[in-house]
Peer 1: 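Mind looking over this structure? Questions follow.
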Amino acid sequence: MLTSDGISRAHFLVLWRDAMAEAHLDERARLLLEVGRATLREEGRVTPVLVVVRDDEDEPYVWLPMPDLPRRGERAWDTLQQRLIGLRAVQVLALVALNTSQGGGAAHFLLAAWGESLSGQESCVVMPYRHATEGLEEAEPLRVPDPKVTVFSQLMSGVLATRH
């Protein structure tokens with residue numbers, strides 16, 4: 001099982017690309033979470049990103065920076081759907097870090113990788129973490145048993161419009 005432990009983000013991305021080639025949606029979500037872990041270690045934060053998986057052998061993955069996750073009914077949602085159709089997306093994966101702190105004390109975060117396929121299958125892997133005085137503290141990554149009940153599903157499911 002490929003993890004980002006002990007290697008740079010740049011080196012991990014080379015291995016990531018190869019591992020993604022034969023992976024199913026659940027494994028692709030886990031692998032994207034590993035990209036997030038490597039990014040956290042090097043940059044201290046994760047900027048939301050959408051990874052588009054395509055049936056294109058020359059360019060199977062397209063990275064789309066996301067300043068914010070689009071919501072149904074917004075123009076950004078329709079624009080994203082059209083872009084995904086144009087890219088011939090077969091899967092889409094979102095990587096986000098959410099601040100889950102509730103008041104004073106140390107900030108706690110949740111790193112999440114959520115994905116969806118054209119068939120409507122979903123996957124979600126999450127990992128709690130925090131920045132402590134000793135450095136980054138990470139909990140074990142967990143696969144969400146029912147990704148359809150997550151906030152990510154509520155926001156993003158159906159973004160892969162059926163192609164005509």
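The first residue in the sequence is number 1, and the count goes up from there. For the numbers below, each heavy atom of this structure counts, side chains included, while hydrogens, waters and symmetry mates do not.
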Peer 1: Please give me the minimum heavy-atom distance between Ala89 and Leu160, naming the atom from each residue.
Peer 2: CB-CD2, 3.6 Å
Peer 1: For Val96 and Pro48, work out which heavy atoms get closest and say how close.
Peer 2: CG1-CB, 3.9 Å
Peer 1: Give the minimum heavy-atom separation between Phe152 and Cys124, together with the two atoms involved.
Peer 2: CD1-SG, 3.8 Å
Peer 1: Would you please name every residue forming a salt bridge (charged side-chain N to carboxylate O under 4.0 Å, His left out) with Glu138, sequence neighbours left out?
Peer 2: Arg37
Peer 1: Check whether any side-chain heavy atom of Gln81 lies under 4.5 Å from a side-chain heavy atom of Leu84, and answer yes or no.
Peer 2: no
Peer 1: Are the side chain of Glu27 and the backbone N or O of Glu22 linked by a donor-acceptor pair below 3.5 Å?
Peer 2: no
Peer 1: Taking a hydrophobic cluster as the set of Ile, Leu, Val, Met, Phe, Trp and Tyr residues connected by side-chain heavy atoms closer than 4.5 Å, whether directly or through intermediates, do Val149 and Leu98 fall within one such cluster?
Peer 2: no
Peer 1: Would you compute the distance between atom NE2 of His11 and atom CG of Leu13 and round it to the nearest 0.5 angstrom?
Peer 2: 10.5 Å
Peer 1: Can you tell me how far apart CG (Leu15) and CD1 (Ile7) are? Round to the nearest 0.5 Å.
Peer 2: 5.0 Å
Peer 1: Taking only residues two or more places apart in sequence, or in another chain, which ones meet Glu137 in a salt bridge (charged side-chain N to carboxylate O under 4.0 Å, His left out)?
Peer 2: Arg130
Peer 1: Measure the shortest side-chain to side-chain distance between Pro60 and Met20 over non-hydrogen atoms and say whether it is less than 4.5 angstrom.
Peer 2: no
Peer 1: Can any side-chain N or O of Glu116 pair as donor or acceptor with the backbone N or O of Ser123 at less than 3.5 Å?
Peer 2: no
Peer 1: Same cluster or not: Val90 versus Trp63, using hydrophobic residues (I, L, V, M, F, W, Y) connected whenever any side-chain heavy atoms lie under 4.5 Å apart?
Peer 2: yes
Peer 1: Spell out, yes or no, whether Leu80 and Val49 are grouped together once hydrophobic residues are joined by side-chain heavy atoms under 4.5 Å, including indirect joins.
Peer 2: yes
Peer 1: To the nearest 0.5 angstrom, please state how far the CG atom of Leu87 sits from the OH atom of Tyr61.
Peer 2: 14.5 Å
Peer 1: Honestly curious: do Val35 and Leu110 fall in one hydrophobic cluster under the side-chain, below-4.5 Å linking rule?
Peer 2: no
Peer 1: Give the minimum heavy-atom separation between Glu122 and Ser153, together with the two atoms involved.
Peer 2: OE1-OG, 2.7 Å
Peer 1: Please identify each residue that fulfils salt bridge (charged side-chain N to carboxylate O under 4.0 Å, His left out) with Asp56, with sequence neighbours left out.
Peer 2: Arg54, Arg88
Peer 1: Would you give the length of the straight line joining atom OG1 of Thr150 to atom CE of Met156, rounded to the nearest 0.5 angstrom?
Peer 2: 11.0 Å
Peer 1: How long is the straight-line distance from OG1 of Thr100 back to CG of Leu111, given to the nearest 0.5 Å?
Peer 2: 11.5 Å
Peer 1: Does the side chain to side chain contact (heavy atoms under 4.5 Å, CB included) test come out yes or no for Arg28 and Gln91, once each step is laid out?
Peer 2: CA-CA 10 Å; Arg28 285 180 172 166; Gln91 291 179 348; 2.7 Å; yes
Peer 1: Locate the shortest heavy-atom distance separating Val46 from Ala97; write the atom from each residue and the value.
Peer 2: CB-CB, 4.1 Å
Peer 1: Looking only at side-chain N and O atoms, does Arg41 offer a donor or acceptor that is under 3.5 Å from a partner on Thr39?
Peer 2: no
Peer 1: Between Val51 and Leu32, does the side chain to side chain contact (heavy atoms under 4.5 Å, CB included) criterion hold? Intermediate values first, please.
Peer 2: CA-CA 9 Å; Val51 177; Leu32 185 58; 3.8 Å; yes
Peer 1: Evaluate the side chain to side chain donor-acceptor pair (under 3.5 Å) criterion for residues Glu34 and Trp16: first the C-alpha distance (whole Å), next the side-chain angles of each, then the deciding distance (0.1 Å), finally the verdict.
Peer 2: CA-CA 9 Å; Glu34 288 295 325; Trp16 174 87; over 6 Å; no
Peer 1: Report, as yes or no, whether the 6.0 Å neighbourhood of atom CD on Glu59 holds more than 12 heavy atoms from other residues, nucleotides or ligands.
Peer 2: yes
Peer 1: Return the minimal non-hydrogen interatomic distance between Leu33 and Pro141, and the atom names on each side.
Peer 2: CD2-CB, 3.6 Å
Peer 1: Are Leu93 and Leu50 linked, directly or through other ILVMFWY residues, by side chains that come within less than 4.5 angstrom of each other?
Peer 2: yes
Peer 1: Are side-chain heavy atoms of Val52 and Arg83 found at a separation under 4.5 Å?
Peer 2: no
Peer 1: Can you establish whether the number of heavy atoms outside Arg143 located under 6.0 Å from its atom CZ is more than 12?
Peer 2: yes
Peer 1: Parallel, tilted or perpendicular: which describes the rings of Phe109 and His131, with under 30° parallel and over 60° perpendicular?
Peer 2: perpendicular
